[in-house]
Amino acid sequence: MKILYYSPHPNLNLSDPAGYGTHMREMIKAFRELGHEVEVVIMGGTEPKVDTVPAKPSLFKRLAKRFISPRRWQTLKDKRLLEFDDNAYDTLLAKLKAYKPDLVYERANYMQTSGVHAARRAKVMHILEMNSPYVEEKVELEGESALLETAKEKEFRQLDKSNHVVVVASSLREYFLMEHRVFAGKFSVIPNAIDPAKALVDVARVTALQAKYALQGKTVIGWVGSIQPWHGVDGLITGFAALAREVPDIALLIVGSGETIVHMQALAAESGVGAQIHFTGYIPHSEVFDHIAAMDICVLPDTKWYCSPIKIFEYGMMGKAIVATHHAAVLDVMRPDVDGIIIEPGQAHLMAALRRLIADPALRQELAMHFQQKVLSEHTWLANARQVTEIWEFAQTSVAR
C-alpha cells in the first residue's frame, strides 16, 4: 500500500524530540516496517533545526503584543494559520496527484482542513488522527480568538469529511461525539505506544544511579515525565511524605524537569523527608529506561482527561508495578488489579495503594508481568500501524461488497 503521511501545521517539525515528533516518526517507521511505501508531507519541515535555541521575538512582535489585546493577537495568529492552510491544500493536492497514494494518514491540528479537503478532491481514503480537543486546548493554553466559532466549524469539518478518525483515548471520542454529533462508527481508539527496541538499559549506569541517590536496599517509588501542573506531582510528594513517616526504607525518584519543578523541589524540602525525595532534572530520553530500572513501583498520579500517557507503557515495558489514577485513557489499556492498581484521586487512595504494593513484592511482580506482556503484544507502534492498515483494508472490502 502507498501511504501519504500528512502533518499540516507550520510549526510541527518531524525531527522535534517532543512527544508529537516521536509519535509521527514512530508511525511512519512502523508503516514502513509493515512493508508499506510511505511519502511524507510535513508542512513544518523534516530536517532538524540548525539553531536549537528559540529565536527571540522581533522588536515589532514584542511591541505588537504590548499594544494589541490578547484576543486580537490570537485572532491575527488564527488568520495567518488559515492562510497557511490554504497554501498547504495546494501543496498537498499536487503531491496527491503526483504520488497517487492509497491512503492519506493525517496527524490533525487546530483549525486546519487542508488534509480532508485535498483527499476528497483527489478521491483518496483519509484517516484522521486526533490527539486532543484542539479548540478547547487552544483556548486553555493561548486564549480566545474572534474566530472561535470558525475554529469549531473547522473541527467539525475535519471529523465529518474524514473517512475514519483515530483518537488516543475513549474520553476524546466521547468528547467529539458530544460536541459534533459525528457518526460514532467512524471512530477507533488507538492509544499511544512504545518501541521495545529503544528500551535499552545500561546495568552499570543503573548501579551508579542507585549509589548516587542512595537507593540500595530501599523500595523505590518513581515518576517520569515533564513536571507540569496537571501531572499531580505535588500530590505524589505530599502522599509520599506522609507514607515515609510510617514505612521505613522507601525513596521517591522524580525523573524529568518542567514548569513547576522549582515549586516541587520546595515542597519536597518542606515535607520533612526531603532527603528521601530525589529530583534528577532533565535527562535525555535514551537514559529514561536506566532510571525506570532503578524503580520498584511507578506512579501516574494524574494527567489531562484526553491524554494517553506514554509513561505507563514505558513503565509496563520495563516490568514495573504501576499505581495509576482513574482516567478513561488508563482504563482503555489497564484492568484494575490485573495490570496495575487503579485508584480514585486523592492522597489517601494513593497512600493505600503504595502501602499495599510495598508490603507485597509478589503482587508487584504479578501485576508487572501481566501488564508487560500486554504492552509488548498490544501497545507497540507496530501494532498501532497494523490497526490503521486494517481499517483501510476493511474499508476496501466494504466498498467491494
Side-chain angles (χ1 to χ4, degrees), residues 2-34 36-58 61 77 80-81 83-85 87-92 94-95 98-99 101 104-110 112 114-115 129 131-132 134 137-138 141-142 168 192-200 202 205 224-228 255-259 261 280-291 307-311 313-314 380-382 384-385 388:
K2 294 173 69 175
I3 301 172
L4 189 145
Y5 188 102
Y6 180 54
S7 171
H9 200 279
N11 299 330
L12 300 190
N13 187 283
L14 183 62
S15 66
D16 197 304
Y20 79 83
T22 299
H23 198 155
M24 290 197 293
R25 291 190 302 274
E26 293 290 355
M27 285 298 290
I28 291 167
K29 176 186 171 188
F31 283 136
R32 287 172 174 159
E33 287 181 357
L34 290 174
H36 303 295
E37 181 182 323
V38 184
E39 181 78 8
V40 299
V41 178
I42 310 294
M43 298 307 297
T46 60
E47 297 300 319
K49 295 178 181 178
V50 176
D51 187 0
T52 57
V53 179
K56 291 184 179 179
S58 66
K61 189 172 183 178
K77 285 180 65 177
R80 289 186 63 187
L81 191 59
E83 291 170 2
F84 182 89
D85 202 46
N87 294 328
Y89 170 86
D90 294 333
T91 299
L92 178 59
K95 178 62 75 172
Y99 183 57
V104 173
Y105 185 83
E106 176 182 356
R107 183 183 174 92
N109 219 291
Y110 172 71
Q112 294 177 288
S114 53
E129 176 193 291
N131 289 279
S132 67
Y134 294 109
E137 186 178 58
K138 156 78 174 182
L141 297 179
E142 299 185 58
V168 293
N192 281 322
I194 45 86
D195 178 1
K198 293 183 177 175
L200 302 177
D202 184 326
R205 189 179 290 157
V224 174
S226 174
I227 303 178
Q228 303 294 343
V255 180
S257 187
E259 181 182 337
I261 186 170
T280 68
Y282 169 79
I283 63 166
H285 191 263
S286 60
E287 298 178 17
V288 163
F289 298 106
D290 295 324
H291 288 73
C307 289
S308 172
I310 289 180
K311 60 171 62 66
F313 303 114
E314 293 177 335
T380 66
W381 295 112
L382 198 63
N384 283 11
V388 171

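What you see below is based on every heavy atom in this structure, not just the backbone, and it leaves out hydrogens, waters and symmetry mates.
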Is a side-chain N or O of Arg32 found less than 3.5 angstrom from the main chain of Val38, in a donor-acceptor match? yes

Is it true that the NZ or CZ of Lys2 lies under 6.0 Å from the centre of Tyr99's six-membered ring and within 45 degrees of the ring axis? yes

Quick one: does Leu4's side chain get under 4.5 Å of Leu92's, heavy atoms only? yes

Please confirm whether the backbone N or O of Gly44 pairs with a side-chain atom of Asn13, one donor and one acceptor, at under 3.5 Å? yes

Inter-residue atom distance Ser7.OG - Met24.CE, 0.5 Å rounding: 4.5 Å

Within the side chain of Asn192, is there an N or O that forms a donor-acceptor pair under 3.5 Å with the backbone of Ser308? yes

Lys/Arg N to Asp/Glu carboxylate O, Lys198 vs Glu314, below 4.0 Å: no

Distance col, row His23:NE2 vs Glu129:CD, nearest 0.5 angstrom, shows 4.0 Å

Kindly indicate whether the side chain of Lys95, heavy atoms from C-beta on, has any atom under 4.5 Å from the side chain of Tyr6. no

When you look at NZ of Lys138, are more than 12 heavy atoms from neighbouring residues, nucleotides or ligands closer to it than 6.0 Å? yes

Enter the distance from Met27:CE to Ile3:CD1 here, rounded to the nearest 0.5 Å. 8.5 Å

Under a plain distance cut-off of 3.5 Å, with no hydrogens placed, do Tyr5 and Glu39 share a side-chain donor-acceptor pair? no

Validation row: Pro17, His285 side chains within 4.5 angstrom (heavy atoms): no

Minimum-distance pair of heavy atoms, taken over all atoms of Ile310 and Ala193: CG2-O, 4.0 Å

Asp202 side chain vs Arg205 backbone, donor-acceptor pair below 3.5 Å: yes

Under 3.5 Å, side chain of Thr280 to main-chain N/O of Gly256, donor-acceptor pair present? yes

side-chain contact (heavy atoms from CB on, under 4.5 Å) for Glu47 and Leu14? Distances and angles first, verdict last. CA-CA 7 Å; Glu47 297 300 319; Leu14 183 62; over 6 Å; no

Could you tell me whether the side chain of Arg25 and the main chain of Asp16 form a donor-acceptor pair under 3.5 Å? yes

For the atom pair CD1 (Ile261) and OG (Ser226), what is the distance rounded to the nearest 0.5 Å? 9.5 Å

Could you tell me whether the side chain of Tyr134 and the main chain of Asn131 form a donor-acceptor pair under 3.5 Å? yes

Do the side chain of Thr46 and the main chain of Ile42 share a donor and acceptor less than 3.5 angstrom apart? no

At what distance, to the nearest 0.5 angstrom, does CG of Asn109 lie from CD of Glu137? 8.5 Å

Is any side-chain heavy atom of Arg80 closer than 4.5 Å to a side-chain heavy atom of Lys77? no

Using every non-hydrogen atom in the two residues, find where Phe84 and His9 come nearest and quote the distance to one decimal. CE2-C, 4.4 Å

So which atom in Glu106 and which in Gly115 form the shortest heavy-atom distance, rounded to 0.1 Å? OE1-CA, 3.3 Å

Going by distance alone, is a donor N or O of one side chain under 3.5 Å from an acceptor N or O of the other, for Tyr110 and Ser132? no

Point-to-point distance, once rounded to the nearest 0.5 Å, from OG1 of Thr380 to CD1 of Ile194: 6.5 Å

Contact check, side chains of Leu200 and Asp290, non-hydrogen atoms, under 4.5 Å: no

May I ask you to check whether Gln112 and Ser114 show a side-chain donor-acceptor distance below 3.5 Å? no

